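The block underneath contains the structure these notes are about, expressed in structure tokens.
Just so it is clear, the structure is predicted and the values come from calculations on it, not from any experiment. FYI, the numbering just counts along the sequence from 1.
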Amino acid sequence: MTTTSKMKTYSFSLVVTPPGDVKTDEELAEVVYGAGCHDCLVSVSNRFVFVHFDRQSKSLADAVSSAIKQLEKSGVKAKLFNGSRRAKK
């Protein structure tokens, strides 16, 4: 059995603070996708910036941790949004 067979897809959202030089949603999306986060969607709601992920991992904790680390390497500050989090089979 391979490791990937135990992986699930976890859906979660992070509230992010873009680097100071990022002024538009499009620039933020470029930074996020440039960091290798190809499993997410950037959105803005009520002046909050979110990055919504559907990330494969062994656990929710691993999925969230890896997403935050990936974003922070590109200068984006991120924390888990207390919205819905779920695993897809």
Side-chain angles (χ1 to χ4, degrees):
M1 185 180 299
T2 64
T3 305
T4 55
S5 66
K6 294 184 180 185
M7 304 267 255
K8 291 184 179 179
T9 300
Y10 293 92
S11 296
F12 57 93
S13 298
L14 301 177
V15 178
V16 302
T17 303
D21 60 337
V22 172
K23 303 296 182 209
T24 67
D25 300 347
E26 292 81 15
E27 289 176 354
L28 177 59
E30 287 180 24
V31 169
V32 169
Y33 301 133
C37 297
H38 301 285
D39 54 351
C40 67
L41 174 69
V42 177
S43 69
V44 178
S45 178
N46 296 323
R47 297 185 310 203
F48 289 97
V49 182
F50 297 94
V51 180
H52 308 281
F53 282 87
D54 287 320
R55 179 158 286 203
Q56 288 189 341
S57 188
K58 293 179 183 178
S59 70
L60 175 61
D62 287 346
V64 171
S65 175
S66 68
I68 290 174
K69 286 178 186 173
Q70 207 169 9
L71 287 170
E72 289 182 343
K73 284 182 183 178
S74 67
V76 177
K77 294 180 184 173
K79 63 181 179 179
L80 184 62
F81 176 65
N82 289 328
S84 65
R85 299 172 297 235
R86 59 187 163 79
K88 298 178 184 175
K89 292 184 180 186

I need the minimum non-hydrogen distance between [X] and [Y], along with the two atoms involved.
{"X": "Ser57", "Y": "Tyr10", "result": "O-CE1, 3.4 Å"}
{"X": "Ser43", "Y": "His52", "result": "OG-NE2, 2.8 Å"}
{"X": "Ala63", "Y": "Ser66", "result": "O-OG, 3.0 Å"}
{"X": "Val76", "Y": "Pro19", "result": "CG2-CD, 3.8 Å"}
{"X": "Phe53", "Y": "Leu14", "result": "CE1-CD1, 3.7 Å"}

Note to self: Side chains of Lys58 and Met7, heavy atoms from C-beta outward: is any pair under 4.5 Å?
What the structure shows: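 A side-chain contact exists here, since the closest heavy-atom pair is under 4.5 Å.
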Notebook entry, point to check: Taking the side chain as C-beta and beyond, is there a heavy-atom pair between Cys40 and Val32 under 4.5 Å?
Noted result: yes
So how far is it from [X] [atom1] to [Y] [atom2], rounded to the nearest 0.5 Å?
{"X": "Leu41", "Y": "Asp54", "atom1": "CG", "atom2": "CG", "answer": "9.5 Å"}
{"X": "Leu28", "Y": "Leu71", "atom1": "CG", "atom2": "CG", "answer": "8.5 Å"}
{"X": "Ser13", "Y": "Lys79", "atom1": "OG", "atom2": "NZ", "answer": "14.0 Å"}

Next item on the list: Could you name each residue pair satisfying salt bridge (charged side-chain N to carboxylate O under 4.0 Å, His left out) that touches residues 17-46, not counting sequence neighbours?
Entry: Asp39-Arg55
Next item on the list: Over 60° means perpendicular and under 30° means parallel, so classify the ring planes of Phe81 and Phe50, tilted if in between.
Entry: perpendicular
